[in-house]
Every structure is written in structure tokens, then in C-alpha cells.
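Quick caveat: nothing in here was measured; it's all calculated off a predicted structure. For the single chain, residues carry numbers from 1 onward in sequence order.
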Amino acid sequence: VSNIDFVSGHTSHDTIGGGMQIHSPGIAQSYYVTSSNAFLLEKGKFYGSSNYLALYNINYALNRNFSMGISSLIIGAPSGFSVKGNFEIAHKTYLGLEGIVASLFYLSPKTSYGLGGTAKITYGDEKTNYTFFAGYTQTEYYTNQRMGGRRGGRSVTYNYHDITAPFVGFAFSNQLSNKSSFVGEFFTFPTVSTSTLSAAIRTSVKQKTSWVWGLQTIGNFSANSTQAFILFPYFGFSFRI
């Protein structure tokens, strides 16, 4: 579970489909969903989240379909700008599109950047939902190498790197009780033979804050070698204001 967002479900306009109130009061007051879905937003609200208390994201909903936001590490690098669009295309079926561009100046004094795009299809409601997504990331950066020169001087040369990695994935959320849900996510980068798998419990002890605790794994697989997944704890939170 790479990220989580809070979405208000207490509304007379059905965000799932059908045009009528379908949420029970208990569920509506704690309507939390994983960020990998394409559910509609609430105009004028800020949606924020944090992973490992290190990576932060906040988005502002311009209307029910579009939002803009920024992402950054706690030290401010890398920092990125994102635009998201979520659309209801059929009953309980949503299309999501997202683009992001980020500065990677921490890698080198020369210009470095990363960008990416994601398309997703979500089916379901706040109790149970499934999301399939695909996209790509591209990173362009320089690494420097200091070399000895004549008379004891040293020169610096820069090596250019351009890495493009498409990815595909699947996310799932299922409500266990009025204040907790099981959430899981899997995605893989085929060109670099890397995959991650997350499984966690999401809780909504407060109306506008959600916490997630679980486990995350990452591994690298190729035709020549197979490295076992590394297992480590995952935690994060999200909020809406």
C-alpha cells in the first residue's frame, strides 16, 4: 500500500453511482479508501497522506473530477507536482488518470528530473473495491565522477542516465468492520524485474484521520538470478481538511 487518501462519503450525491444516498451513517462517517482507486472527490477539500512519516503528499480538489497537488520527502527533495482526474464511466466503475513531474536535484548539481503517468480502473464501493492500474516512470539524472589531473588538480565529469520503467498493478480493499478494512496492493516493473507486495489493516479511529499498519515486501527477479523478497513493516496515515 504505497499511499492512502480519505474521501468523504457522507453526501446526498452518490459518488458510487445511482444518484441517491446509499451509505449507512456509520460507514459514511469513516469512508476511507486506498489511494490507488479512482473514486470521485469532494470539491474544495484537501487530501493529505504520509508514508513512513517521510514521504508526504497533499492534493486540492478543484471539483469532483480534478485535483492538483505536491509530493515531497521531509527534507524537501525530491519534490513533485501532480495532476489527477477521476471520472465515473459506469455504475460502480471509475476511470482515473494521473501525471507527475518531480525535481531530483539531490542527485547531482546538474539538472535532474523524473516524470510519470498512471491510468487506473476502479470497480466497487466503499466496502469492497478493486483497482487495476498501469503506467510508467522516467528518470533523467547525472552522476559526477572526480578524476585526478595534472599538478594535483582534480576534474569533474558527469555521466548521463535515462531510465524508463513501465509498471502494472492491482489494489484491493475490503471492509472488516465499521472502523477497519483490509487493504492490499501489488505492482511490478517488468523491465527492471522488480515487484512489491503490501498487505495492511486500515483503521479510522477518528472521522478525518486514517492509520495503516502492515507489511511490505520488495524483490528483484531476472532470468539469471532470483532474490528473495525483503520483508519490512509498513505504516502511514491520511487526512482530509
Rounded distance [0.5 Å steps], [atom1] in [X] versus [atom2] in [Y]:
X: S238; Y: N57; atom1: OG; atom2: CG; result: 10.5 Å
X: N63; Y: L41; atom1: CG; atom2: CG; result: 8.0 Å
X: K120; Y: N86; atom1: NZ; atom2: CG; result: 6.5 Å
X: I70; Y: S82; atom1: CD1; atom2: OG; result: 9.0 Å
X: F39; Y: T131; atom1: CZ; atom2: OG1; result: 6.5 Å
X: Y47; Y: Y60; atom1: OH; atom2: OH; result: 10.5 Å

message: Is there a side chain to side chain contact (heavy atoms under 4.5 Å, CB included) between V83 and I100? Walk through the geometry before answering.
response: CA-CA 7 Å; V83 177; I100 185 170; over 6 Å; no
task: Take T194 and N220, measure what side-chain hydrogen bond (donor to acceptor under 3.5 Å, both in side chains) needs, and give me the verdict at the end.
output: CA-CA 4 Å; T194 300; N220 181 272; 3.2 Å; yes
task: Would you please classify the geometry between the F187 ring and the F189 ring as parallel, tilted or perpendicular, with 30° and 60° separating the classes?
output: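 Plane angle over 60°, so perpendicular.
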query: Do the rings of Y234 and Y52 sit parallel, tilted or perpendicular, given the 30° and 60° boundaries?
result: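 Rings of Y234 and Y52: perpendicular, as their planes differ by over 60°.
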- request: Take T188 and S195 through the side-chain hydrogen bond (donor to acceptor under 3.5 Å, both in side chains) test and state the conclusion after the steps.
  value: CA-CA 4 Å; T188 181; S195 302; 2.7 Å; yes
message: Looking only at the aromatic ring of each residue, does the gap between the centers of F237 and W211 stay below 6.0 angstrom?
response: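 Yes, the ring of W211 comes within the 6.0 Å limit of the ring of F237, centre to centre.
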message: Applying a strict under-4.5 Å side-chain criterion to I, L, V, M, F, W and Y, I'd like to know whether F46 and M68 cluster together.
response: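 F46 and M68: one cluster.
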- request: Show your reasoning for whether side chain to side chain contact (heavy atoms under 4.5 Å, CB included) applies to R202 and S173.
  value: CA-CA 9 Å; R202 184 192 67 230; S173 178; 3.3 Å; yes
Given side chains that start at C-beta, do those of [X] and [Y] come closer than 4.5 Å, heavy atoms only?
X: K43; Y: L62; answer: no
X: F182; Y: I201; answer: yes
X: L40; Y: N65; answer: yes
X: R240; Y: E42; answer: yes
X: K45; Y: I241; answer: no
X: I163; Y: Q138; answer: no
X: F232; Y: I218; answer: yes

task: Please indicate whether Y130 has more than 12 foreign heavy atoms, meaning atoms of other residues, nucleotides or ligands, lying under 6.0 Å from its OH.
output: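 Count not over threshold, so no.
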Flag if over 12 foreign heavy atoms under 6.0 Å of CD1, I58: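 More than 12 heavy atoms, drawn from other residues, nucleotides or ligands, come within 6.0 Å of this atom.
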task: Using a strict 4.0 Å threshold on nitrogen-to-oxygen distance, state whether E88 and R64 make a salt bridge.
output: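 Salt bridge: no.
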How far apart are the closest heavy atoms of [X] and [Y], and which atoms are they?
X: Y56; Y: S50; answer: CE2-OG, 3.3 Å
X: A200; Y: V212; answer: CB-CG1, 3.3 Å
X: F239; Y: S49; answer: CE2-N, 4.0 Å
X: P166; Y: T191; answer: CD-OG1, 3.6 Å
X: T122; Y: A38; answer: OG1-N, 2.9 Å

task: Begin with the C-alpha distance, continue with both residues' side-chain angles, and end with the deciding distance and a verdict on side-chain hydrogen bond (donor to acceptor under 3.5 Å, both in side chains) for Q216 and S198.
output: CA-CA 4 Å; Q216 190 167 32; S198 306; 3.1 Å; yes
task: Go through N174 and K127 one step at a time and tell me if the side chain to side chain contact (heavy atoms under 4.5 Å, CB included) criterion holds.
output: CA-CA 6 Å; N174 182 63; K127 291 184 178 180; over 6 Å; no
message: Let's go through T203 and K179 carefully: what are the C-alpha distance in whole Å and the side-chain angles of both, what is the deciding distance for side chain to side chain contact (heavy atoms under 4.5 Å, CB included) to 0.1 Å, and is it a yes or a no?
response: CA-CA 6 Å; T203 63; K179 291 186 177 295; 6.0 Å; no
message: Less than 3.5 Å apart, any donor N or O on the side chain of E98 or T118 sitting next to an acceptor on the other?
response: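 Note: E98 and T118 side chains miss the donor-acceptor criterion.
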field: ring-ring contact (aromatic ring centres under 6.0 Å, His included) partner of F132, the single match among F170, F172, Y123, F186
entry: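 With F132 as partner, F170, F172, Y123, F186 yield a single ring-ring contact (aromatic ring centres under 6.0 Å, His included), made by F170.
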